[in-house]
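Both ligands and their constituent atoms are indexed starting at 1 by order of listing.
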Amino acid sequence: MEFFVDSAEVELIKEVNEMGLVDGVTTNPTLIKKAGRDHEETIREISSFIDGPISVETLSEDAEGIIKEAEVFSKWGKNIVIKVVMNAEGMKAVKELSKRGIKTNVTLIFSALQAMIAAKAGATYVSPFVGRLDDIGHVGMEIISDIRDIFDNYSMSTKILVASIRSPQHISEAAIIGADVSTVPPAILKQLLKHPLTDKGIAAFLEDAKAWKQND
Ligand code: G3P
């Protein structure tokens with residue numbers, strides 16, 4: 001499974017990237033707002049040290065506008081993926097962008113059927129939001145399993161990019177199902193390295209090493 005970092009905060013992305021945890025980056029208007037910096041400048045800076053795909057979200061509400069934005073955003077870095085919302089205009093744009101060889105990530109996916117439609121339109125990635133489904137009392141991970149089955153049934157090459165991740169548990173469940181990518185907030189990525197028994201084991205090894213070092 002690939003790990004993307006779901007953030008527009010350059011320093012946090014750098015930190016997890018240095019730990020070898022980053023295969024790509026996803027951003028959205030909310031994350032850009034949180035970072036509090038200019039959109040283009042932020043994406044260009046991320047692209048200067050991340051080689052993997054960087055998703056940049058379009059804001060236009062019609063296909064023509066989305067396509068124009070896509071052409072501009074594609075020049076902001078070496079591996080830009082155009083994020084498009086799931087609706088009729090979005091799907092028109094994805095179809096055209098796919099013809100032009102521009103990679104897309106269809107976002108705000110909340111059902112397996114929406115994912116299948118995006119894949120049929122030619123999306124490179126679909127982003128189902130598991131946490132937001134859990135928030136309203138659904139089991140978000142169920143749609144990941146359904147999407148995996150549908151894509152496998154029809155040999156669809158669109159990648160499942162699990163988004164709105166709230167815990168390491170979401171990531172392990174998504175990996176067991178066979179999702180291609182998890183996009184993860186930096187704080188949760190760092191949690192993946194942690195286990196209380198690892199910390200306890202490190203402390204015990206260091207303590208024991210002190211004893212034999214004193215005997216040297
Ligand atoms: O990339 C978008 C997605 O991960 C949003 O997550 O936490 O706002 O539901 P969240």
Side-chain angles (χ1 to χ4, degrees), residues 1-13 15-17 21-37 39 42-43 45-47 50 52-61 66 69-70 73 76-77 79-87 90 93-94 103-112 114-115 118-119 123-145 147-148 158-175 177 179-192:
M1 166 176 272
E2 287 188 310
F3 291 156
F4 289 178
V5 58
D6 199 25
S7 176
E9 292 180 65
V10 171
E11 290 313 314
L12 294 178
I13 298 170
E15 192 190 346
V16 283
N17 187 44
L21 293 172
V22 179
D23 298 305
V25 176
T26 52
T27 63
N28 64 33
T30 308
L31 294 171
I32 296 286
K33 182 183 167 200
K34 198 171 160 202
R37 290 181 50 196
H39 193 195
T42 305
I43 300 298
E45 191 173 344
I46 296 170
S47 179
I50 294 288
I54 301 168
S55 285
V56 182
E57 190 156 334
T58 52
L59 296 172
S60 295
E61 293 183 68
I66 294 169
E69 277 183 279
F73 295 171
W76 290 358
N79 203 351
I80 301 295
V81 174
I82 301 302
K83 219 167 173 185
V84 179
V85 296
M86 162 44 76
N87 60 21
V94 167
K103 290 185 181 166
T104 54
N105 172 0
V106 176
T107 190
L108 292 169
I109 296 277
F110 292 98
S111 78
Q114 287 180 320
T124 315
Y125 298 93
V126 285
S127 288
F129 279 30
V130 292
R132 291 192 197 181
L133 280 168
D134 290 353
D135 291 345
I136 60 159
H138 290 233
V139 179
M141 209 47 68
E142 281 176 3
I143 73 160
I144 304 304
S145 179
I147 298 168
R148 180 74 282 154
T158 300
K159 291 188 174 178
I160 305 171
L161 195 170
V162 182
S164 187
I165 281 178
R166 304 267 196 264
S167 67
Q169 182 70 14
H170 272 150
I171 303 167
S172 57
E173 287 173 10
I177 291 167
D180 302 283
V181 188
S182 282
T183 190
V184 188
I188 298 178
L189 267 180
K190 285 196 273 178
Q191 280 177 28
L192 300 184

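The closest protein non-hydrogen atom to atom 6 (O) of ligand 1 is Ser164 CA, 3.3 Å.
For ligand 1 and Arg166, the ligand atoms under 4.0 Å from any heavy atom of the residue are 7 (O), 9 (O), 10 (P). Atoms of ligand 1 found under 4.0 Å from any heavy atom of Asn28, numbered from 1 in the order shown, are 1 (O), 2 (C). Below 4.0 Å from some heavy atom of Arg132 lie the following atoms of ligand 1, by number and element: 5 (C), 8 (O), 9 (O), 10 (P). Of all atoms in ligand 1, listed by their number and element, those nearer than 4.0 Å to a heavy atom of Phe129 are 2 (C), 3 (C), 5 (C). Each of the following atoms of ligand 1 lies closer than 4.0 Å to a heavy atom of Asp6: 1 (O), 2 (C), 3 (C), 4 (O).
The main-chain N or O of Ser55 is found under 3.5 Å from a side-chain atom of Thr27 such that the two form a donor-acceptor pair. Side chain of Ser164 to main chain of Arg132: a donor-acceptor pair is present (N/O by atom type, distance under 3.5 Å, no hydrogens or angles).
Taking a 6.0 Å sphere around CD of Gln191, one finds it holds more than 12 heavy atoms contributed by other residues, nucleotides or ligands.
Under the salt bridge (Lys or Arg N to Asp or Glu O under 4.0 Å) rule, Arg166 has a single partner from Asp135, Asp134, Asp6, which is Asp135.
The nearest pair of heavy atoms linking Ser47 to Ile54 is CA-CD1, 3.5 Å.
Of all the heavy atoms of Lys83, the ones lying under 4.0 Å from any atom of ligand 1 belong exclusively to the side chain.
In this structure the side chain of Val10 reaches within 4.5 angstrom of the side chain of Arg37, judged on heavy atoms.
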